[in-house]
Every structure is written in structure tokens, then in C-alpha cells.
2 protein chains.
Amino acid sequence: MPYTYDYPHPAVTVDIVIFTIVDDDFKVLLIQRDIKPFEGMWALPGGFVGIDESLRRAAWRELKEETGVHAAFLEQLGAFGHPDRDPRERVITVTYYALIPAERLKLKAATDAREARLFSMKDLPALAFDHAKILGRAHLKVKDKIDEPIVALQLLPASFTLSDLQRVHERILGTSIDKRNFRKKILALDLISPTGEERRDGPHRPAKLYRARDPADVPYR
Amino acid sequence: MPYTYDYPHPAVTVDIVIFTIVDDDFKVLLIQRDIKPFEGMWALPGGFVGIDESLRRAAWRELKEETGVHAAFLEQLGAFGHPDRDPRERVITVTYYALIPAERLKLKAATDAREARLFSMKDLPALAFDHAKILGRAHLKVKDKIDEPIVALQLLPASFTLSDLQRVHERILGTSIDKRNFRKKILALDLISPTGEERRDGPHRPAKLYRARDPADVPYR
DNA sequence: GCAAAAGTGTTTGAGGTACACCCATGC
DNA sequence: GCATGGGTGTACCTCAAACACTTTTGC
């Protein structure tokens with residue numbers, strides 16, 4: 001059942017850069033390829049765009065296949081289409097990036113992958129195709145986005161401490177932030193409110209828990 | 001000479017949003033389609049991506065075909081791919097936007113167009129496909145970009161007055177800017193330097209001309 | 001001389017940055 | 001009692017915004 005056209009058509013895929021934070025570490029989800037080319041290498045999850053499927057819908061589908069997550073912060077990063085980025089045929093990929101709280105991830109390797117794993121952004125393996133370039137651009141984009149403080153909320157559970165929130169910023173930016181200044185700024189924005197609860201998790205003063213003041217800010221939970 | 005594949009492939013195009021400033025007016029280049037679908041309607045210039053052509057190269061080619069310009073500020077905007085955006089077949093478009101000084105434009109209608117014309121962003125015709133959406137997003141992007149003051153230089157000739165530069169900002173943002181604050185800010189950035197020349201063009205004090213201090217800031221001239 | 005755009009400084013408020021100590025807890 | 005992270009305030013500086021008059025020219 002071949003599909004024929006009057007002139008050559010490229011294949012189009014979506015690839016997704018799925019970021020999360022685990023153990024105070026900024027991580028990305030990679031899959032180990034089980035098929036050629038680049039068999040055995042790590043790569044971004046992704047797949048072909050269905051012929052009647054929007055780009056965004058294809059990204060959602062891949063995200064769900066890989067993680068079980070059906071609601072998340074998901075935005076387009078851009079299209080990458082160097083003619084020789086895939087040795088099989090001309091493949092243009094439209095990339096997305098997602099920010100997901102770690103506890104929502106249920107990793108499952110798709111059929112074309114041996115394994116799905118989270119890698120620290122500080123300790124990445126060699127990547128297939130041009131995925132290192134894509135991942136680099138995604139990281140830059142998130143660094144840029146993080147100073148809309150709503151973005152960091154996407155990576156946290158429904159309730160969190162101010163230290164949790166600060167660590168998200170620090171891990172993404174790769175810098176350290178002054179605690180008093182951070183709290184002053186965040187609280188002045190009036191985006192979050194105390195739940196009234198506390199978290200006690202060690203030999204120190206319990207931390208107040210906060211949540212997003214406006215649920216519309218974190219629509220994906 | 002048909003091209004066949006095991007599964008359906010979309011067509012991929014590039015479309016370009018070409019902005020310029022003429023007569024103190026922020027304008028966009030549109031072409032009037034000479035073929036179906038949307039025959040007779042105005043649309044963004046664009047065309048199919050060659051099977052061995054990078055996306056960026058395809059954008060350059062279209063830009064040159066349409067305007068004669070072979071060097072310009074050109075950046076990717078994003079991919080648009082709703083399944084029914086083109087009634088003929090599934091077409092995914094990768095969009096770019098360009099900023100070009102008006103005096104460099106030599107408009108020529110491509111073979112698939114009757115005419116190429118500049119339209120004021122304040123007086124746009126109905127557009128074919130989803131091009132109104134694309135153009136809207138491009139305008140937002142440029143508004144965002146313009147506060148990197150290097151960007152406005154792309155729309156001006158090699159030498160220009162501070163009022164010229166201010167008008168570029170005002171027309172793109174659609175707001176008016178305080179003259180003293182604008183000059184203070186721009187000059188503090190140290191991006192431009194006086195040429196020593198003046199321009200006299202009417203019954204008023206002549207204006208000092210400036211140029212980019214670092215030619216690398218305007219590599220496209 | 002008059003119309004038209006060029007050119008020029010100061011004040012104010014907001015927000016960012018630097019900086020150090022006490023608090024509540026678990027063991 | 002001590003180690004651990006939670007929590008708090010002030011001083012300074014930078015930058016954006018508001019605001020009005022003089023200068024130089026063409027006609």
C-alpha cells in the first residue's frame with residue numbers, strides 16, 4: 001500500500017524534550033533506541049506525525065506514550081530540518097519541550113526503545129541524530145522562560161515550600177539565589193498562597209506549604 | 001515520475017513574514033495568489049522545501065525570489081501544521097520572519113503570484129490559509145524582540161538619525177516613546193556612534209547621523 | 001518671524017542586590 | 001546541645017518614567 005506523490009516529500013516527526021526535577025536535580029527524559037539508525041544510543045522521545053494529526057496532538061500522543069502523562073506544560077521549541085540529520089530519509093522534526101513534576105512521571109519505554117530513563121542535565125550521554133543541539137536549545141529556552149515565575153510551578157506538586165520553589169529556579173539556571181530576595185520577590189507577585197499546612201522532614205524547623213493562588217496557572221494537574 | 005513511500009508523508013513548506021518600514025509605517029510583504037486554492041487572495045510568500053534543502057536555506061531562497069534580497073535578518077518563528085490548513089493535502093509549514101530596510105526591497109512577484117505588495121500592518125487584507133494567525137504571531141515576536149535594540153537597526157539604512165530609530169520602535173510597538181528617555185537609553189548602550197554627518201530635510205534643525213558601532217550587529221548589509 | 005523637528009537634565013519611584021542572624025525541630 | 005534547614009529586614013543602587021524648553025533650519 002504505497003503512498004505516491006508527484007514530488008518528493010520529507011517525513012515529519014515530533015521530538016519532545018521532557019524536563020523534570022528529581023532529588024534537587026534538573027533532568028531530562030531520554031530513551032535508548034532499539035532500532036537503527038543509532039541503535040543502542042540515547043535519544044529524545046518522539047515519533048512520526050500522523051497524516052491527520054496536528055503537530056501539537058502528535059506531541060501529546062508521544063508524551064503520553066512515554067510517560068503516561070496526559071496533561072502538562074508543553075510548548076513548541078522549533079523545527080529542525082538539516083537534510084542529513086537522519087541517514088534513512090529526509091526527516092524534518094518539530095520539537096516541543098515539557099515541564100512535568102517528577103511524581104507524575106510513569107516511565108514506559110515505547111515499542112521502538114529498550115528503556116526510558118531520566119538523565120541529569122549535568123551528566124548527559126552522547127545523543128543520536130541532532131538531539132544534543134535540540135536539547136541545548138530547549139535548556140536555553142527554559143532558562144529564558146523561568147523568569148516568568150509561573151513556569152517553575154509546573155515542575156512542582158500541588159503544594160510545595162518556598163525552598164522547593166527556589167531550588168527549581170537554582171537547578172534550572174545553574175546559579176544560587178539569595179533566599180531573602182527570592183522570597184520577597186515571589187511573595188510580592190502574589191502568585192502563591194499558604195495552604196496553612198506545614199511539612200516537617202528533618203531536624204529543623206517545619207516549612208510552610210504553599211500552593212498556586214490561581215489554579216489556572218497550573219492547569220495541567 | 002512518482003515518489004512513493006510506505007506511509008503517508010505531509011508536504012512541507014516555508015512561509016516568510018517579511019517586515020519593513022516605509023513612510024514611517026510598519027509594513028509586511030504579501031503576494032496575491034495566482035493559483036488555487038485561495039486564488040486571488042493575499043498570502044505570505046512561501047513555497048515547498050526542497051528535498052535536499054535545509055529549512056533555513058529554503059527560507060533564504062524564497063526571500064530572494066520575492067525580494068531580491070540575499071542578506072537579511074531572518075529567524076524561525078515556528079511550525080504550523082493543523083491537518084486541514086491546506087485543502088489540497090496535508091501541508092506543514094515552517095515559518096520565518098525577516099526584517100529588511102525598505103530601500104533594499106525590490107519586489108518581484110514569483111511565478112505563483114500575480115503581484116507582490118507591501119501592506120500596512122494597520123490595514124491588512126483577508127489572508128489565505130492560516131496566514132493571519134502566522135502574521136499575528138510574527139508581529140508579537142517582533143514586538144518582543146525589539147527591546148533588544150540591535151533588532152531595530154536591521155530595519156534602517158547604514159546611517160540614520162535618532163528620530164529614525166525611535167520611529168522604528170514606535171511603529172512596531174504601536175506606542176509613543178518619550179524622546180529624552182529613548183535617547184538616553186540608546187546612547188548608554190553604546191551600540192551606535194555618530195558618523196559626523198548631518199541630514200537636513202526640511203525647515204528645521206539638521207539631525208546628526210549615526211551608524212552601528214559594531215558592523216557585526218548588522219551583518220546583513 | 002514662524003513652523004517644524006532636533007536636541008538636552010533632573011526628579012521620582014520601583015525593583016533588584018547585598019548582606020547576617022534567630023527559630024523550630026529531630027536526634 | 002547541636003546540627004539542620006526555615007524564616008526574616010534594611011540599605012543601597014540601578015534603571016524606567018514623567019516632564020518642558022531651547023536650537024537650528026527653510027521658507
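So you know, we letter chains A, B, ... as the sequences are listed, proteins then strands, and number each from 1. As the structure is a prediction and not an experimental result, all values here were calculated from the model.
- One finds a salt bridge joining A:Arg200 and A:Glu198 here, because a Lys/Arg side-chain nitrogen approaches an Asp/Glu carboxylate oxygen to under 4.0 Å.
- Atom NZ of B:Lys64 has 12 or fewer heavy atoms from other residues, nucleotides or ligands within 6.0 Å.
- Counting to the nearest Å, the P atom of C:dT17 and the CZ atom of A:Arg183 are 17 Å from each other.
- Residue A:Thr161 is classed as having no contact, given no heavy-atom separation below 4.0 Å to the nucleic acid.
- Taking 3.5 Å as the limit, the base of D:dG7 and the side chain of A:Lys208 contain no donor-acceptor pair of atoms between them.
- Taking every side-chain heavy atom of B:Asn181 into account, D:dA18 is the closest of D:dG6, D:dA18, D:dG9.
- Each of D:dC19, D:dG9, C:dA5 was ranked by its minimum atom distance to the side chain of B:His204; first place goes to C:dA5.
- In this structure, B:Gly202 and A:Gly202 both approach DNA chain D, and ranking their closest nucleotides by distance from the 5' end singles out A:Gly202.
- Applying the 3.5 Å distance criterion, the base of C:dG16 shares no donor-acceptor pair with the side chain of A:Lys185.
- Between B:Glu75 and B:Lys145, at least one side-chain nitrogen of the basic residue sits less than 4.0 Å from a carboxylate oxygen of the acidic one, meeting the salt-bridge criterion.
- Seen from the ring of A:Phe182, A:Arg180 does not count as a face-on cation partner, given the 6.0 Å and 45° thresholds.
- Taking the side chain of B:Arg205 as heavy atoms from C-beta on, and the options D:dT8, C:dG9, C:dG7, the nearest nucleotide is C:dG7.
- Atom CG of B:Asp178 is separated from atom P of C:dA6 by 14 Å (rounded to the nearest Å).
- Residue A:Pro206 places its side chain closer to C:dT25 than to any other of C:dT25, D:dG6, C:dC19.
- When only modelled atom types and interatomic distance are considered, B:Asp15 and B:Thr95 share no side-chain donor-acceptor pair under 3.5 Å.
- A donor-acceptor contact under 3.5 Å is formed by the side chain of A:Arg180 with the base of C:dA20.
- Ring orientation note: the planes of A:Tyr220 and A:Phe73 are nearly perpendicular, at an angle over 60° on the 30°/60° scale.
- Residue B:Pro203 places its side chain closer to D:dT25 than to any other of D:dG6, C:dG9, D:dT25.
- The CG-P distance, from A:Leu162 to D:dG7, rounds to 6 Å in whole Å.
- When the C1' atom of C:dA14 is taken as reference, atom CG of A:Leu189 falls 13 Å away, rounded to whole Å.
- Distances shorter than 4.0 Å separate none of the side-chain N or O atoms of B:Ser163 from OP1 or OP2 on C:dA5.
- Listed nucleotides C:dA6, D:dG26, C:dG26 differ in distance to B:Arg200; the shortest reach to its side chain belongs to D:dG26.
- The NZ-C1' distance, from A:Lys179 to D:dT8, rounds to 9 Å in whole Å.
- Between the CD1 atom of B:Ile186 and the P atom of C:dG7 there is a distance of 14 Å, rounded to whole Å.
- In this structure, A:Ile177 atom CD1 and C:dT17 atom P are separated by 10 Å, rounded to whole Å.
- Within 3.5 Å, a donor on the side chain of A:Lys184 pairs with an acceptor on the base of C:dT17, or the reverse.
- Rounded to whole angstrom, the span from the CG atom of A:Leu187 across to the P atom of D:dG7 amounts to 10 Å.
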